[in-house]
Amino acid sequence: MAIPSFFVSFTKILVGFCLLCMVHKDFVVAGFEEVRVEHDTNEPLTNGSITTAGTGEDGRSELCGTDLSFLGPPYGNMSTAKMVCSPIWNTFVLRYNQREDNVMTIILSAVYTTGWVGIGFSRNGMMLGSSAMVGWFNRKGHARIKQYYLQGAHASQVIPDKGELPLNGIPPVVSLHGAMIYLAFQAKFEHRLGRQPILLAFGTRYPTGFHHLTKHDDKTAVWFDFSQASVLNIDTSQRKNHGILGLMAWGLILPAGAIVPRYLKHKDPLWYYLHAVIQFLGFILGLASVLLGIQLYQSMNADIPAHRGIGIFVLVLSILQVMAFFLRPNKDSKYRRYWNRYHLWFGRMALFFGSLNIVLGIQYAGAGDDWKIGYGFLLAITLLVVIVLETFSCMRRRRDKSNLPSNFQMNTI
């Protein structure tokens, strides 16, 4: 079947545009906006979710000038002049002192009513694999502070009394002072901290059972530069857009395009044009998802080898499928059957590994139940459509078979 020239031209333009986007360095932005906390400014600190009213000289004195003697030694013995103090997010204020031997004293404070408050240290700005110090007062008014290892997104995967923070022998402290809760602890790091991804979160419900944390009411991730007391807001929309594009491409559009040739072959040549257009659209969205993933890897140091490796493999399979469109032999060619097998199985592999990578991405990002339910819904809809179409296809084949004329039988002499 001949392919209209306008259609070939259109697809070539699309592919050329996508390849141009792959090498264009300005296709996406870094996703960080730095806000330095200068001690001589009267400007309020505002940066996306980081909002602290009254952080001028008077506001800063009110936030950072509190006498910490109520914390007891060694935290209460430290002069406020020796500690760097920085509003970091909402009502959260971070105080710290970094000694020459790389021992760091950290004091986090925030407005507190009920529940828990926590600060986590991450390698790449994501929750999975990070360690956090969490403090609270239980219903009886007893103080609790523990280190947690964030193994996963569910409460059962946030493990108490585990973690990789190198706490020294000085016991951590949690205390209430006025309307604020204070978490204080010391850690001896292998080297002086510079720019470090910090996780901040709070929940208004008390931890349950054996100190298992309840779900947070709000959270954020920022890059904090301990050498300059500067806050860099992490643009989480990049990560969300990366997930949305991947989910739309490999969870909806490309599976739909693969369904077309199986169940609409009797609508020739409509099925071919639908299949080509839908798959090219899915390829463009998948390519955009990969580009955002590369940008996240470069800007956030989000090194997730399995997810990244599968993503590159799927991209290569997708490019091979696009190339196959231009190398499609004629129906009467002796190579056509080999091309059909190649196109079919490479497409199936791309869909399988694309779906697997969606699951891995949701898991590694700690995206939560909303993403899992959303992708599960797409899978359920796709499976339901396949079952319905397969049923209709079987019924049509039986009907066509029953309408065939019976073979003419010659009476033998």
Side-chain angles (χ1 to χ4, degrees), residues 29-41 43 45-50 52 55 60 63-64 74-75 78-90 92-110 118-134 147-150 163-168 170 172 183-201 219-236 238-239 294-305 308:
V29 296
F32 297 107
E33 180 179 356
E34 181 170 359
V35 176
R36 293 192 181 277
V37 182
E38 302 291 350
H39 292 276
D40 58 351
T41 182
E43 294 291 334
L45 176 64
T46 57
N47 181 23
S49 62
I50 305 173
T52 307
T55 53
R60 186 173 302 281
L63 289 170
C64 298
Y75 311 106
M78 292 189 176
S79 170
T80 56
K82 293 183 178 180
M83 300 200 75
V84 180
C85 180
S86 170
I88 189 170
W89 175 64
N90 287 348
F92 283 59
V93 178
L94 180 65
R95 299 172 175 85
Y96 64 94
N97 174 267
Q98 193 166 196
R99 296 188 337 212
E100 294 296 331
D101 58 356
N102 299 333
V103 172
M104 178 174 286
T105 301
I106 298 175
I107 301 175
L108 178 74
S109 61
I119 177 173
F121 288 73
S122 170
R123 296 188 184 92
N124 50 25
M126 293 189 289
M127 186 188 76
L128 294 185
S130 61
S131 302
M133 293 297 295
V134 180
Q147 183 176 185
Y148 286 80
Y149 180 68
L150 284 68
E164 299 177 352
L165 285 177
L167 302 179
N168 60 9
I170 305 299
L183 281 65
F185 58 96
Q186 282 189 349
K188 182 178 176 58
F189 296 95
E190 295 180 359
H191 50 78
R192 292 181 67 82
L193 290 187
R195 184 176 295 183
Q196 168 69 42
I198 296 293
L199 309 178
L200 302 164
K219 63 180 177 65
T220 193
V222 300
W223 287 89
F224 190 84
D225 193 337
F226 284 92
S227 63
Q228 301 180 24
S230 63
V231 181
L232 296 89
N233 194 27
I234 296 178
D235 186 3
T236 56
Q238 271 196 336
R239 191 167 59 188
I294 293 173
Q295 187 63 33
L296 285 171
Y297 172 71
Q298 293 175 347
S299 60
M300 291 180 58
N301 193 28
D303 189 11
I304 307 174
R308 182 162 53 93

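Quick caveat, the model's predicted, so the values are computed rather than measured. For reference, positions follow the sequence shown, starting with 1.
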Taking the side chain as every heavy atom from C-beta outward, state whether [X] and [Y] have any pair of such atoms under 4.5 Å apart.
| X | Y | value |
| --- | --- | --- |
| Ile198 | Phe92 | no |
| Thr105 | Pro74 | no |
| Asn102 | Glu190 | no |
| Ile88 | Ile119 | no |
| Leu193 | Phe224 | no |
| Val93 | Cys85 | yes |
| Met133 | Leu167 | yes |
| Gln147 | Phe185 | no |

Determine the minimum heavy-atom distance between [X] and [Y], stating which atoms define it.
| X | Y | value |
| --- | --- | --- |
| Ala132 | Leu150 | CB-CD1, 3.9 Å |
| Leu199 | Ala221 | CD2-CB, 3.7 Å |
| Gln196 | Phe226 | CB-CE1, 3.8 Å |

Can you tell me how far apart [atom1] ([X]) and [atom2] ([Y]) are? Round to the nearest 0.5 Å.
| X | Y | atom1 | atom2 | answer |
| --- | --- | --- | --- | --- |
| Asn90 | Leu200 | CG | CG | 9.0 Å |
| Arg95 | Leu183 | CZ | CG | 12.0 Å |
| Ile106 | Leu165 | CD1 | CG | 7.5 Å |
| Met104 | Gln186 | CE | CD | 11.0 Å |

Practice task
Taking atom types as modelled, find out whether Ser227 and Arg192 have a side-chain donor-acceptor pair closer than 3.5 angstrom.
Solution key: no

Practice task
Without swapping roles, check the side chain of Tyr75 against the backbone of Ile107 for a donor-acceptor pair under 3.5 Å.
Solution key: no

Handout entry: Main-chain N/O of Glu164 paired to Ser131 side chain as donor or acceptor, under 3.5 Å
Key = yes

